[in-house]
Amino acid sequence: MTAITPATLLELYESMVTMKLWDQTALRLLQEGRVLAGYHSGRGQEAIPAGGVAPLRRDDYLMYAHRGFGYTIAKGMSLAAMFGDLMANTAGATGGLGAGIPHFADPELGILGQGGTLGSCFGIATGAAFSARYRGTDQVVVCFFGDGTANRGAFHESVNAAAAWKLPVVWICENNGYAVSVPAADSTAGRIVDRAAGYGMPGVRINGMDVTEVYRATCEAVDRARAGEGPTLIEAMCHRFRGHYEGDPQVYRTEEETERLLALDPITNLAARLVADGIATEEGLDELEARVQDTIDRAVEEASSAPMPGPERLFEGLYV
Amino acid sequence: MSQATATRTLTFSQAIREALREEMERDDRVFVWGEDVAVYGGIYGATAGLLEQFGPGRVIDTPISETMIVGAAVGAAITGLRPVAELQSSGYFGIAMDEIYHKAARWRYMHGGVFTVPLVIRLPEGAKGAGPEHDVSPEALFLSASGAYVVIPSDPADALGLMKSSIRDDNPVLFFEHAGLYAHRGEVPAGDHLVPLGEAAVKREGSDVTVIAWSRMVGESLRAAAQLEAEGIDVEVVDPRGLRPLDLDTILESVAKTGRVVIAHEAPKTGGAGGEVAAIIAEEALEYLESPIIRVASADVPIPQSRYLQQFLIPTAASVTEAVRRLD
């Protein structure tokens, strides 16, 4: 089992805190009417992007999901660029095309973008993994998706090909129990992790609310992929604290259910553990949080000063 | 004759294969994948021999998974490779439509232009007696897929030259090949023969009527023109060689010269690309028209598998001849 050093634990904690504060800030901007489109909060699921991206190298590839911006935060994407995309201005990574649903990418960081037609991530991940091997590199692809997305037919075609060709992919399913409003019990046969056996690849189901479990499982899967031993399916069981999107009336679950979830907060639970194990003090964690908030505030400020694009932006960059 | 104008005789299928071979020799990033393209050499033989020359790392048999074939080709294209992905029939477009329309065509734009998607998707089309799903010519469906080029050769020389240009282009290209043309022979210039994308070819000069045709209908239109010549009607045949980029200058120049237009394609008339071309001519060159535009196309029915019934549906040289005679 991979040992996790205190330094790594603190890094994972800071990563999750950045995601949480980023999310709070995004929600504030949304309330202020500064976000031009819907936003899918990632609150509650921070352990998965934090623990699932930390094992990657800078040149490894990331296919991220639409829930929160944690994946790209963890991969090192510019915070100001992401805020710019939320505000749909020219500070955004897309230069003004983006808004609440992330479509930013950074080839230098291996961030390959996101498809709004959920499930299209699977084929692109398989192709990027094929490309890594074709070019003789040992790059690895990590592809995040939800339990709802796992029911797209593209899952079968792409996961089958990646397994048949032993490509370096790590499939990380975030199973938060709901496909928008439909409970997994009503829409998903069997356990998603059990599909791994059907493709002849390792599969592991973990507690996705514990960043150390996510980190360990991903490290093992990344090592296997990098060694040429093929893909792995990780099913990370988790809970989202807010609605599918901001404004979701959540008629499909009770308030008691959402309140109970708060006890599972991956960030407060790790904080308690860091303090109990003597890795950090409460004051130290407060300072860390203040420092992160300051970084985020500066990123918002930087993004806010950028102008909106003109109509000419529509016609830029379509063709080479 | 200088060496530059020397030619070789190739079938349409061999021309595609030569283009693939030459570009794979030139650029290690080019690879070919699809169903039965490696050991079998492609069901139309267009990839025969490539496996032996380039090995299984670059000539790859895929599972029967069109969604993956196109989606993963996009993933390979945005990470430094130049895939040539074959759909065994363009009729499978629907299985891969999200990957073609939203991924191949839009990934670059949607992400702010930080990627290029140098991808060629080969799409065999056209009537061949395989039924309503396989025999379609669905190129017009992609008129609204801005971001992707639509390229359609009509003879071996263009097949070779357009394929080589498509592989070298940094934009995604939907490359339609009429299955009924694969066995056609033609002269192909020797050497590094490149045909620029978005440049129409005047396949026959004439002064009385402009026939705008692509794919198999170019050959049919040329036969019609030869017949009409005997009747004293001088037909110009313009092959746009694709729908995007569309060479409007050549089309409009010809329309201005002749004042009469027939548009011929094998796809059904309703929703066929002839409607778009006719609309453009109406917007840009109405003052030159001396007669209403006539479209020659299939009827708005599914294509039956029976070749016997297909003869009553699929347009031919006679359909073009008849249309030209109807012009004022």
Side-chain angles (χ1 to χ4, degrees), chain A residues 61 63 81 85 92-98 102-108 110-117 119-137 139 141 143 152-162 164-165 167 313-320, chain B residues 28-31 33 56-58 60-83 85 95-119 146-149 169-172 197-198 244-245:
Chain A
Y61 291 124
M63 287 301 296
D85 270 335
T94 63
L97 293 173
H103 287 302
F104 38 64
D106 188 337
E108 294 298 308
I111 297 171
L112 297 181
Q114 199 260 143
T117 46
S120 52
C121 57
F122 299 122
I124 293 176
T126 292
F130 171 86
S131 167
R133 189 168 69 187
Y134 184 102
R135 288 179 285 104
T137 77
Q139 291 163 290
V141 183
C143 178
R152 274 287 317 281
F155 176 89
H156 169 66
E157 293 199 7
S158 307
V159 172
N160 172 63
W165 295 336
L167 295 177
R313 179 68 191 90
L314 289 169
F315 301 96
E316 292 167 358
L318 181 56
Y319 300 100
V320 180
Chain B
D28 288 343
R29 299 169 299 175
V30 180
F31 71 94
W33 81 14
R58 296 181 69 194
I60 298 139
D61 280 329
T62 63
I64 298 178
S65 298
E66 291 81 9
T67 304
M68 184 283 296
I69 289 170
V70 178
V74 173
I78 62 172
T79 54
L81 301 185
R82 308 185 77 85
I95 306 167
M97 194 57 156
D98 180 56
E99 281 59 35
I100 298 171
Y101 197 94
H102 291 309
K103 303 288 127 34
R106 271 82 200 261
W107 204 256
R108 168 182 165 78
Y109 182 82
M110 186 161 71
H111 293 91
V114 298
F115 299 111
T116 56
V117 187
L119 160 66
S146 51
Y149 287 167
D169 200 279
D170 279 335
N171 297 289
L197 306 184
R244 187 168 36 242

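This structure is a prediction, so every number in the text was calculated from the model and none was measured. Just so it is clear: chains get the letters A, B, ... in the order the sequence lines come, proteins before strands, and each one is counted from 1.
- Not a single salt bridge (Lys or Arg N to Asp or Glu O under 4.0 Å) links R135(A) to another residue, sequence neighbours left out.
- Put simply, the side chain of H111(B) gets close to the backbone of Q114(A): a donor and an acceptor are under 3.5 Å apart.
- Heavy atoms of R133(A) lying under 4.5 Å from chain B are absent altogether.
- The greatest number of non-hydrogen atom pairs below 4.5 Å with chain B, out of Y319(A), F122(A), F104(A), is found for Y319(A).
- Using a 4.5 Å cut-off between heavy atoms, E316(A) touches chain B through its backbone atoms (N, CA, C, O) alone.
- Closest approach of W107(B) and L112(A) over heavy atoms only: NE1-O, 2.9 Å.
- When all heavy atoms of G317(A) and R108(B) are compared, the pair lying nearest together is O-NE, 3.0 Å.
- Looking at D169(B), neither its backbone nor its side chain comes within 4.5 Å of chain A, counting heavy atoms on both sides.
- Within the 4.5 Å cutoff, no side-chain heavy atoms of F31(B) are placed close to those of S131(A).
- Proximity to chain A (any heavy atom under 4.5 Å) is restricted, for A148(B), to the backbone atoms N, CA, C and O.
- For R106(B), no part sits under 4.5 Å from any heavy atom of chain A, backbone or side chain.
- With a 4.5 Å cut-off on non-hydrogen atoms, D85(A) does not touch chain B at all.
- Of all the heavy atoms in P107(A) and V114(B), the pair that sits closest is CG-O, 3.5 Å.
- With a 4.5 angstrom heavy-atom cutoff, D98(B) touches chain A only via side-chain atoms.
- Of all the listed residues (P118(B), A76(B), G80(B)), the one sharing the greatest number of non-hydrogen pairs under 4.5 Å with chain A is A76(B).
- Of the atoms belonging to Y61(A), it is side-chain heavy atoms, and not backbone ones, that fall under 4.5 Å from chain B.
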Practice problem: Report the C-alpha separation of Y134(A) and R58(B) in whole Å, then their side-chain angles, then the decisive distance to 0.1 Å, and conclude whether the side-chain contact (heavy atoms from CB on, under 4.5 Å) test is met. | Solution: CA-CA 8 Å; Y134(A) 184 102; R58(B) 296 181 69 194; 3.1 Å; yes

Practice problem: Decide yes or no on side-chain contact (heavy atoms from CB on, under 4.5 Å) for T79(B) and F130(A), but give the supporting numbers first. | Solution: CA-CA 10 Å; T79(B) 54; F130(A) 171 86; over 6 Å; no

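- Heavy atoms closer than 4.5 Å to chain B are found in both the backbone and the side chain of L314(A).
- Minimum heavy-atom separation, E157(A) to S65(B): OE1-C, 2.9 Å.
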Practice problem: Given side-chain contact (heavy atoms from CB on, under 4.5 Å), test T67(B) with F155(A) step by step and report yes or no. | Solution: CA-CA 10 Å; T67(B) 304; F155(A) 176 89; over 6 Å; no

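- Closest of all the heavy-atom pairs between W165(A) and M68(B) is CH2-CE, 3.9 Å.
- Among residues two or more places apart in sequence or in another chain, the side chain to side chain donor-acceptor pair (under 3.5 Å) test is passed with H156(A) by Y199(A).
- The two atoms that bring N171(B) and L318(A) nearest to each other are OD1-O, 4.4 Å, heavy atoms only.
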